[in-house]
*Asks:* 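Take a look at the following structure, please.
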Amino acid sequence: MTLTKLAALTGATIISFSAIFYSLSGANAMTGAFFRVAYALPVLFVVWYIRRKDDRRTGRQRWLALGAGIALALDMIVWHTSIGYIGAGLATLIANTQVVLVAMAAWVFFRERPDKRVLLAIPIVLLGVTLVSGLGQDTAFGSNPLLGTVFALMAAVFYGFFILVLKFANPSGSPSAGPLMEVTAGAVITVLLIGLIRGGIDFSFSWPQHGWLLALALGPQVVAWLLIGYALPRLPAAETATIVLLQPALTMIWGALIFSERPSTIQIIGAVVVLLGVALATSARVRHQPKV
């Protein structure tokens, strides 16, 4: 196994614990989003500072990365909210449908016509999401699976927008620590402003809550993103698809083992259908990062 593949697999595995660490913390959506990026920011600054001479981006591109943090902040807030309604596994699965949304948005806004496989994936993913949402199912898992699905889809939209903006923030292929640091800074500012306006951020320190939030920040937000940011652009489409599918699949396994999440039979079928649709879209060389 090459170092690139190992980096991608390690990153995807670490990312698969994002929803798990957040759920274990017991924090509300705003608090989890804020400390995830707040704890990660100084670490990312140090990593960027060490390699700052390799950062060839312009000032405009740095501002774009900072602005992308707005979309990332909104994504984290609504995604955390969806976890409370539909569980860690299904929320992560639905949020990963952003691979299809990115391709469609690129077609609409940048005239980048998607591959036929992406077009075929759209109805497949929509069918799977409908089954996962629990429509008409008395046995569907989640306190409110339909509402959870809506929030998870909102997260996919925000994350898709984040990916599109980030695409233009690092066209030179500079080390990913720079854009990631600026994205994280933008997310910190955005969540803090939203928290000051509407409340919701609990600044009191408690243990083990902040231990899990620290794990969320240092694991998925720092280590996993750096590994994935390095590895995915260097992998062929088939291997990229495998890595992308590994993350939500593992999250569903962890959710079942740790939180006893037991989706209904129809929801499991829907999850498989969503995975097939995402795999089809990703095989068309759509480059994106897994939902974190």
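Positions are given from 1 along the sequence.
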*Asks:* So which heavy atom on V183 is nearest to which on A68, and how close?
*Replies:*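 Heavy atoms of V183 and A68 come nearest at CG2-CB, 4.1 Å.
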
*Asks:* Is there a chain of hydrophobic side chains (I, L, V, M, F, W, Y, each step under 4.5 Å between heavy atoms) that links I258 to L216?
*Replies:*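 The answer is yes; both residues are in one hydrophobic cluster.
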
*Asks:* Which pair of non-hydrogen atoms, one from L275 and one from P248, has the smallest distance, and what is that distance?
*Replies:* CD2-CG, 4.1 Å

*Asks:* Roughly how far, to the nearest 0.5 Å, is the CG atom of L72 from the OG1 atom of T190?
*Replies:* 9.0 Å

*Asks:* Do the non-hydrogen side-chain atoms of I15 and W225 ever get within less than 4.5 Å of each other?
*Replies:*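 I15 reaches W225 side chain to side chain.
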
*Asks:* Without swapping roles, check the side chain of T97 against the backbone of V278 for a donor-acceptor pair under 3.5 Å.
*Replies:*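 No: the side chain of T97 does not pair with the backbone of V278.
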
*Asks:* I'd like to know if the side chain of T10 and the backbone of A7 have a donor-acceptor N/O pair within less than 3.5 Å.
*Replies:*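 It does not hold such a pair.
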
*Asks:* Supply the atom-to-atom distance I268 CD1 to L131 CG, rounded to the nearest 0.5 angstrom.
*Replies:* 12.0 Å

*Asks:* Quick check on ring-ring contact (aromatic ring centres under 6.0 Å, His included): which of F34, F205, F203 does H210 satisfy it with?
*Replies:* F205

*Asks:* Take atom CZ of F161 as the centre, draw a 6.0 Å sphere, and report whether it contains more than 12 heavy atoms from other residues, nucleotides or ligands.
*Replies:*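 Not buried by this count: 12 neighbours or fewer within 6.0 Å.
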
*Asks:* Under a 3.5 Å distance rule, please check whether D55 uses its side chain to pair with a backbone N or O of R51 as donor and acceptor.
*Replies:* no

*Asks:* Do T92 and W79 have side-chain heavy atoms sitting under 4.5 Å apart?
*Replies:*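 Side chain of T92 against side chain of W79, heavy atoms only: contact under 4.5 Å found.
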
*Asks:* Looking at T251 and S16, would you say the former's side chain and the latter's main chain have a donor-acceptor pair under 3.5 Å?
*Replies:* yes

*Asks:* State plainly whether one hydrophobic cluster holds both I50 and L41, where clusters connect Ile, Leu, Val, Met, Phe, Trp and Tyr through side-chain heavy atoms under 4.5 angstrom apart.
*Replies:* no

*Asks:* Looking only at non-hydrogen atoms, find the nearest pair between I86 and P145 and report the distance.
*Replies:*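 Looking at all heavy atoms of both residues, the shortest contact is CD1-O, 3.5 Å.
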
*Asks:* Could you check whether any side-chain heavy atom of S82 comes within less than 4.5 Å of a side-chain heavy atom of T149, counting everything from C-beta outward?
*Replies:* no

*Asks:* Main chain of Y49, side chain of R52: is a donor-acceptor contact present, judged purely on distance under 3.5 Å?
*Replies:*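 Indeed, once roles are kept as given, a pair shorter than 3.5 Å links the two residues.
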
*Asks:* Within a strict 4.5 Å, meaning less than it, do heavy atoms of the V223 and L218 side chains meet?
*Replies:*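 V223 vs L218: side chains apart.
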
*Asks:* Do F259 and I20 pass the side-chain contact (heavy atoms from CB on, under 4.5 Å) test, and can you show the C-alpha distance, the side-chain angles, and the key distance before you say yes or no?
*Replies:* CA-CA 9 Å; F259 302 118; I20 305 303; 3.8 Å; yes

*Asks:* Just by modelled atom types, is the V132 backbone N or O under 3.5 Å from a matching donor or acceptor in the Q267 side chain?
*Replies:*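 Yes.
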
*Asks:* Specify the closest pair of heavy atoms between P263 and F141, including all atoms of both residues, with the distance to one decimal.
*Replies:* CA-CB, 3.5 Å

*Asks:* Do V37 and F45 sit in one hydrophobic cluster, given that two such residues count as connected whenever their side-chain heavy atoms are within less than 4.5 Å of each other, even indirectly?
*Replies:* yes

*Asks:* Which heavy atom of I83 sits nearest a heavy atom of A91, and at what distance?
*Replies:* CG1-CB, 3.8 Å

*Asks:* Would you call P220 and R36 a side-chain contact if the rule is heavy atoms closer than 4.5 Å?
*Replies:*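 A side-chain contact under 4.5 Å exists here.
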
*Asks:* Do side-chain atoms of S25 reach the backbone of Y22 as a donor and acceptor pair under 3.5 angstrom?
*Replies:*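 Yes; judged by distance alone, with no hydrogens or angles, the pair exists.
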
*Asks:* Quick one: pull up CD1 in I14 and CZ in F21 and give me the separation to the nearest 0.5 Å.
*Replies:*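 So the gap between those two atoms works out to 8.5 Å.
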
*Asks:* To the nearest 0.5 Å, what is the distance between OG1 (T31) and CD (Q209)?
*Replies:*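 Rounded to the nearest 0.5 Å, the OG1-CD separation comes to 6.5 Å.
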
*Asks:* Restricting to non-hydrogen atoms, name the atom on L226 and the atom on S176 that form the minimum distance, rounded to 0.1 Å.
*Replies:* CD2-OG, 3.7 Å

*Asks:* For W48, I'd like to know if atom CH2 has over 12 heavy atoms of other residues, nucleotides or ligands within 6.0 Å.
*Replies:*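 Count over threshold, so yes.
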
*Asks:* Can you tell me how far apart CG (L119) and CG (L280) are? Round to the nearest 0.5 Å.
*Replies:*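 Spacing of CG (L119) from CG (L280) equals 10.0 Å.
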
*Asks:* Can any side-chain N or O of S133 pair as donor or acceptor with the backbone N or O of T130 at less than 3.5 Å?
*Replies:* yes

*Asks:* Do I94 and V274 make a side-chain contact, defined as non-hydrogen atoms from C-beta onward lying under 4.5 Å apart?
*Replies:*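 Side chain of I94 against side chain of V274, heavy atoms only: no contact under 4.5 Å found.
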
*Asks:* Applying a strict under-4.5 Å side-chain criterion to I, L, V, M, F, W and Y, I'd like to know whether L66 and L74 cluster together.
*Replies:* no

*Asks:* In Å, rounded to the nearest 0.5 Å, how long is the span from OG of S23 to NE2 of H80?
*Replies:*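 Here the rounded value is 8.5 Å.
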
*Asks:* Can you hop from V100 to L276 via hydrophobic side chains spaced under 4.5 Å?
*Replies:*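 In one cluster: no.
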
*Asks:* So, the side chain of D202 versus the backbone of N28: is there a donor-acceptor pair under 3.5 Å, distance only?
*Replies:*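 No; judged by distance alone, with no hydrogens or angles, the pair does not exist.
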
*Asks:* Please evaluate residues F158 and V78 with respect to the criterion side-chain contact (heavy atoms from CB on, under 4.5 Å), reporting the C-alpha separation (whole Å), side-chain torsions for both, the decisive distance (0.1 Å), and the verdict.
*Replies:* CA-CA 9 Å; F158 286 129; V78 295; 3.9 Å; yes

*Asks:* Compare all side-chain heavy atoms of M30 with those of I77 and state whether any distance is below 4.5 angstrom.
*Replies:*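 Sidechains of I77 and M30: in contact.
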
